[in-house]
Each structure stands twice: as C-alpha cells, then as structure tokens.
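Worth knowing before you read on, the calculation uses all heavy atoms, side chains too, and leaves out hydrogens, waters and symmetry mates. Remember, it's a predicted structure, so these values are computed and weren't measured experimentally.
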Amino acid sequence: MITPKTVTLTALAALASAAALVPAALAQSVIETRDVNRDAVPAGTPAAFVVAFPDAERNEAVREVGEDAYSIVPLAFIPLSDTRVALVSTGVNDCTGQACTGLNAVHYLSHDAGEPRYPYSLQGEWLDVGAVGVMGNPALQWGWTRAITEHPVLFTEAGGVWQGRACGYAVLTELTPSGPKDIARIPTSFSDASVEGGDPGVEGVITSAEKGRSFTVSYTGSASFDEVYKRGADGEYRLDGTSRVTTC
C-alpha cells in the first residue's frame, strides 16, 4: 500500500519560496484556483469514487499505470450537464526523482437529474489529464471555469525547481462530451532569485477570455506584460510567437 505524500516536498517547497519573492498579480483571474488538498474528502465524492475505483478503501485507491503504482484520492466534482458529472482525482507515487510525476484522473459519471447523486454509472476514464508535478506528485493547484469554451475547462497547475530555477506551468483541459482534451499549456511563473544576481521573476494568471476564441494571461513581477492565446482550427489555444517567460 502506498502512503500518500503531500505536495510540500523539498523541491516544491523551494518553488513556493521562490514564488513568494514575486509580487502577487494585481489583476483578477477568471478562474478561481485553490491548492490541491489530498487530505480532504469533498462532499458527495465517496459514492462516486467507489464506482470509478471499485477496489477503493476509505476514499483511496491504488492503481498501477505502466510501471508505476499510484495512490489516488478524490479531488472534486465538475458538473457537465443535469445528468452527468466529471469526478477529478489525483494520484501520487513513491518515486522521489525530479523526472517522476504523479497523475490527475478524470471519470465521467451519469446520474439521475439534478445535483450529483447516487447511483452513478461510469461512462469513461482518463488517467493522464493536465499538469503534474515532480517527485511523484500530481497538480499543485486546480480550478475550473466556463469562461473559456462552451464546455467546462479544468485548470491544473504544477511546477518544480531545477538548478535554482523555479518554474510553474498550467494546462487547460476542456471537458468535452466525448472526453477531456488538453487545449492549452501556459507558463505561470518563473524565478531564479535563489541564484546570486538572479531574476525575482514573474507570475501570471488568466485575466480575460473571449469564449471559444482567445484568452489573455497577465504577468507581473520583475516585468509586466500580457500574452494572448488564440484558438486554432484543431480546438487548441496557442500563443502567436514565443512566450517572454523563461522556462526551466
């Protein structure tokens, strides 16, 4: 049995410390985000979680994916329709290497009309959704919005520290009727303030969106600027050109 890890491991703590040196973005994000809390059990999720993971014990399931085993717990419900809901879960593994990642899972479940309720029927499973962290950890922050596309969009954010550089990124995942589809990857933070003469860096949030067409990421910190992502014919959002945010 895998013992669940928190996301406050050494490398991720360093990331948070470096990010604290960057002034918080003054602009308001269109997505309300929050920390991933694997110790909390969201209301209503246990009955759905056992449908997604029949071998679950006390709201925790162990699933082997490829060569790794993950400890998976429920994170949230996202309503898709009056009779359908997306159950979002996060998984960690025992690997402590920088190249090791966790996972974010999404299950589509059907239910009687109204609020999500038992009984649930499983309609689909996806175990590789969104942004994941280092050292076997899943996303650090999450949220969702209806402001970007006609379907709900899941926001997951993660990052790490490499040779004194702290970098964060986010993935937007559209929860389409046929399943989750990652539609954008954006840098959300950078800092190498721990290095002598380093840059305190920038931090960005999505500040506006034209549904189905574009969204804007606004950055503040050692520089202030906006970057606009536009939707292509394939449904994905891309920046025209190269981002000004340094990557790790």
Side-chain angles (χ1 to χ4, degrees), residues 4-9 11-13 15-16 19 24-25 28-46 48-49 52-53 59-61 63 70-80 84-93 101-109 116 124-149 151-160 166-176 179-189 203-207 209 215 217 229 237:
K5 297 183 293 182
T6 66
V7 294
T8 54
L9 297 173
L12 301 181
L15 171 64
Q28 181 68 38
S29 174
V30 300
I31 306 175
E32 181 181 351
T33 61
R34 64 202 73 180
D35 292 340
V36 169
N37 182 357
R38 286 177 48 84
D39 294 325
V41 180
T45 59
F49 189 72
F53 298 97
N59 302 311
E60 178 186 354
R63 174 73 68 84
Y70 295 85
S71 168
I72 302 174
V73 298
L75 177 65
F77 275 141
I78 298 178
L80 303 176
R84 210 177 192 198
V85 66
L87 171 67
V88 183
S89 307
T90 61
V92 301
N93 66 55
T101 64
L103 63 79
N104 309 306
V106 171
H107 291 80
Y108 282 9
L109 304 166
E125 174 183 81
W126 298 267
L127 301 178
D128 56 351
V129 176
V132 290
V134 297
M135 302 177 71
N137 281 285
L140 298 174
Q141 289 197 317
W142 76 280
W144 70 279
T145 181
R146 294 186 181 274
I148 294 175
T149 73
H151 306 115
V153 170
L154 172 67
F155 172 96
T156 48
E157 184 176 9
C167 295
Y169 78 101
V171 171
L172 302 182
T173 304
E174 185 177 11
L175 302 178
T176 75
K181 178 183 178 182
D182 290 346
I183 57 173
R185 176 182 170 122
I186 60 175
T188 53
S189 63
E203 188 172 11
V205 297
I206 298 174
T207 52
F215 63 84
V217 184
Y229 288 73
Y237 288 75

Interatomic spacing from [atom1] in [X] to [atom2] in [Y] - rounded to 0.5 Å:
X	Y	atom1	atom2	result
T149	F215	OG1	CZ	11.0 Å
N59	D39	CG	CG	12.0 Å
F49	H107	CZ	NE2	8.0 Å
N37	Q141	CG	CD	12.5 Å

Report summary line: When L127, I72, T45 are each screened for side chain to side chain contact (heavy atoms under 4.5 Å, CB included) with S89, the one that passes is I72

Could you pull out the closest heavy-atom pair between [X] and [Y], with the gap in Å?
X	Y	result
P42	A40	CD-O, 3.6 Å
E174	V153	CA-CG2, 4.2 Å
F155	A170	CE1-CB, 3.4 Å
Y108	T176	OH-O, 2.8 Å
A139	V36	O-CG2, 3.3 Å
A209	I148	CB-CG1, 4.1 Å

Any donor-acceptor pair under 3.5 Å from [X] side chain to [Y] backbone:
X	Y	value
R185	Y169	no
N104	P138	no
S189	G168	yes
T173	D182	no

Query raised in the report: Which residues pass the side chain to side chain contact (heavy atoms under 4.5 Å, CB included) test with P152, sequence neighbours left out?
Result: I78, L80, W144, R146, L175

Query raised in the report: Residues two or more places apart in sequence or in another chain: which of them pass side chain to side chain contact (heavy atoms under 4.5 Å, CB included) with D128?
Result: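 For D128, no residue satisfies side chain to side chain contact (heavy atoms under 4.5 Å, CB included) once neighbours in sequence are set aside.
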
Query raised in the report: Between W142 and V88, is any pair of side-chain heavy atoms under 4.5 Å apart?
Result: no

Report task. State, with a plain yes or no, whether a side-chain heavy atom of Y70 is found less than 4.5 Å away from one of V92. Result ->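 Counting from C-beta outward, Y70 and V92 never come under 4.5 Å.
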
Query raised in the report: Does the pair I206 and I186 meet the rule for a side-chain contact (heavy atoms from CB on, under 4.5 Å), with working shown?
Result: CA-CA 10 Å; I206 298 174; I186 60 175; 4.0 Å; yes

Requested in this report: For side-chain contact (heavy atoms from CB on, under 4.5 Å), just list the numbers for R63 and E125, CA-CA rounded to whole Å, side-chain angles, deciding distance to a tenth of an Å, and then say yes or no.
Outcome: CA-CA 13 Å; R63 174 73 68 84; E125 174 183 81; 3.2 Å; yes

Query raised in the report: Stepwise, does the side-chain contact (heavy atoms from CB on, under 4.5 Å) test hold for E157 with L140?
Result: CA-CA 6 Å; E157 184 176 9; L140 298 174; 5.8 Å; no

Report task. With side-chain contact (heavy atoms from CB on, under 4.5 Å) as the test, would you mind laying out the steps for L87 and F77 before giving the verdict? Result -> CA-CA 5 Å; L87 171 67; F77 275 141; 4.0 Å; yes

